[in-house]
Amino acid sequence: NAGVMQNPRHLVRRRGQEARLRCSPMKGHSHVYWYRQLPEEGLKFMVYLQKENIIDESGMPKERFSAEFPKEGPSILRIQQVVRGDSAAYFCASARQGTNTEAFFGQGTRLTVV
Amino acid sequence: GESVGLHLPTLSVQEGDNSIINCAYSNSASDYFIWYKQESGKGPQFIIDIRSNMDKRQGQRVTVLLNKTVKHLSLQIAATQPGDSAVYFCAENPSGNTPLVFGKGTRLSVIA
């Protein structure tokens, strides 16, 4: 049973370009969470999705950031017109249920904006 | 706002000794807690969890203690090994359909 798969592992973008981060949850998991982590800091919640629905996006910037989790395929975190401050590690976690259950993380995508 | 915090940012332990990593949480409604281990360049790895109806839970070489009275959580690692060196995060799940809230983390360094 494969774990949470994120790709790419490393992504370099120039300022103004778009970044697309993908997350395939564990088999049987329909809940996906995206977190952002700066060096030497904790994980900051961004968005919580179920299949085809955004449940909570309170941690996601209102502009340039969007997320989806379609019926088929991986969850996508999209950052438009990236700026240097978007450089961070972005982690995805999946869970079988939405609350009070184990959430498993992927290896993350490290975004560098140059 | 609600937050999860850690008492010690760094902890150095001699190999073979026991390690204790502490965590304070502020949301008294939280009813589920998880400890994660994160090695350099990797994603957080699930270690152990505990629900609020329990005070203690044991795994392989790890024990989590929950004190709801003072809103304190601890992770005990027995016979600490060099492979235990990592950053450890506690996370709480406030009641309702809410995501995990993470603390800042404690870096554990094991001295051989």
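Naming: A, B, ... by sequence-line order, numbering from 1 per chain.
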Would you say the ring centers of Y36(B) and F105(A) fall short of 6.0 Å from each other?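 For Y36(B) and F105(A), the ring centres are under 6.0 Å apart.
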Between [X] and [Y], does any side-chain donor sit less than 3.5 Å from a side-chain acceptor?
| X | Y | value |
| --- | --- | --- |
| E63(A) | Q81(A) | no |
| T63(B) | Q76(B) | no |
| T80(B) | S19(B) | yes |
| Y32(B) | R51(B) | no |

Tell me, for [X] versus chain A, whether the close heavy atoms (under 4.5 Å) come from the side chain, the backbone, both or neither.
| X | result |
| --- | --- |
| Q45(B) | neither |
| F33(B) | neither |
| I34(B) | side chain |

Quick one: what part of Q107(A) sits under 4.5 Å from any heavy atom of chain B, side chain, backbone, both or neither?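 It is both, since atoms from each part get that close.
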For Q37(A), which atoms come within 4.5 Å of any heavy atom of chain B: side chain, backbone, both, or neither?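 For Q37(A), the side chain is the part near chain B, not the backbone.
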Between A103(A), C92(A), G59(A), the one whose heavy-atom pairs under 4.5 Å with chain B are most numerous: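 Option with the greatest count: A103(A).
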